[in-house]
Amino acid sequence: SNQSVCALNGYYVSGNVCYLCLQPCSKCWVSSNNCTSCLQGYIFFSPNSCIVDCPIGYYNNNQTCSLCAPACATCISTSIYCLTCQSSYYLYIANYSCLASCPSGTYLSGTSCSSCQYPCLACSSEVVCLSCVSGVLIGSQCYSSCLNGYFVNSSLMCQACTSPCL
């Protein structure tokens with residue numbers, strides 16, 4: 001039929017006449033700029049456009065613009081590989097996801113969650129430990145044992161001995 005021959009060759013049918021699709025459409029339907037597929041170098045953006053780059057909030061999914069996950073402001077490769085997050089979400093650098101709060105073992109750094117450095121188990125910044133994987137917390141640092149004149153209390157923190165103990 002006329003319709004199937006026209007569609008294969010970058011045309012659309014109106015009445016019994018084939019009309020050329022406008023670039024960057026490689027195939028179109030109903031009108032010359034109502035794209036159903038795009039020329040090489042263009043990405044299909046639903047419902048009927050061919051564009052060079054997907055808009056913010058979308059990513060190139062096999063030459064079609066797909067929506068990023070709801071918490072992601074921008075993403076790449078998949079809907080959940082976030083580059084930036086919506087407001088009130090934080091970018092978890094370990095897996096590029098957007099979270100409502102930073103998980104344990106991380107701290108908030110600007111708008112992202114960064115991992116605590118070993119031997120910190122929990123931290124409030126890169127250099128301030130709140131608890132330790134092993135050893136004891138002295139001030140905001142982890143040590144293998146308490147200094148002379150201190151002992152490990154039930155909170156696994158060094159506490160000063162009361163005089164005259166050493």
Any chain of hydrophobic side-chain contacts (each under 4.5 Å) joining [X] to [Y]?
X	Y	answer
Leu91	Ile76	yes
Ile56	Leu67	no
Val152	Ile138	yes
Tyr11	Leu22	no
Val136	Tyr150	yes

Taking side chain as C-beta onward, heavy atoms only, is [X] less than 4.5 Å from [Y]?
X	Y	answer
Thr64	Asn62	no
Cys102	Leu108	yes
Tyr118	Val133	yes
Pro103	Tyr92	yes
Ser46	Phe44	yes
Phe151	Gln159	yes

Judged by atom type as modelled, is there a donor-acceptor pair below 3.5 Å linking the side chain of [X] to the main-chain atoms of [Y]?
X	Y	result
Glu126	Gln117	no
Thr84	Thr74	yes
Ser26	Cys38	yes
Ser109	Ser112	no

Chi angles and distances behind the disulfide bond (SG atoms under 2.5 Å apart) call for Cys54, Cys65 = CA-CA 6 Å; Cys54 294; Cys65 293; 2.2 Å; yes
Say you draw a straight line from [atom1] of [X] to [atom2] of [Y]; how long is it, rounded to the nearest 0.5 Å?
X	Y	atom1	atom2	result
Cys129	Gln141	SG	CD	5.5 Å
Cys25	Asn34	SG	CG	7.5 Å
Cys82	Tyr90	SG	OH	15.0 Å
Asn48	Asn33	CG	CG	7.5 Å
Leu130	Cys123	CG	SG	6.5 Å
Asn148	Ser145	CG	OG	8.5 Å

Nearest non-hydrogen partners of [X] and [Y], listed with the distance:
X	Y	result
Tyr89	Ala100	CD2-N, 3.7 Å
Cys18	Val13	SG-CG2, 4.3 Å
Pro70	Gln86	O-CG, 3.3 Å

Chi angles and distances behind the side-chain contact (heavy atoms from CB on, under 4.5 Å) call for Tyr96, Tyr81 = CA-CA 5 Å; Tyr96 290 91; Tyr81 192 100; 3.7 Å; yes
Any chance [atom1] of [X] has more than 12 other-residue heavy atoms, nucleotides or ligands included, within less than 6.0 Å?
X	atom1	answer
Tyr107	OH	yes
Gln63	CD	yes
Tyr59	OH	yes

Hey, mind stepping through Cys98 and Cys72 against disulfide bond (SG atoms under 2.5 Å apart) and telling me if it holds?
-> CA-CA 6 Å; Cys98 292; Cys72 293; 4.2 Å; no
Between Tyr19 and Ser32, does a side-chain contact (heavy atoms from CB on, under 4.5 Å) hold up when you go through it step by step?
-> CA-CA 7 Å; Tyr19 294 94; Ser32 60; 5.7 Å; no
Is the SG-SG separation for the cysteine pair Cys75 and Cys68 below 2.5 Å?
-> yes
Yes or no on disulfide bond (SG atoms under 2.5 Å apart) for Cys28 and Cys35, after CA distance, side-chain angles and deciding distance?
-> CA-CA 4 Å; Cys28 60; Cys35 306; over 6 Å; no
Donor + acceptor pair across side chains of Ser97, Asn95 (<3.5 Å) | yes
Run the numbers on Val52 and Tyr42 for side-chain contact (heavy atoms from CB on, under 4.5 Å), then give the verdict.
-> CA-CA 5 Å; Val52 175; Tyr42 291 88; 3.9 Å; yes
For the pair Tyr58 and Phe45, name the ring-plane relationship: parallel under 30°, tilted 30 to 60°, perpendicular over 60°.
-> perpendicular
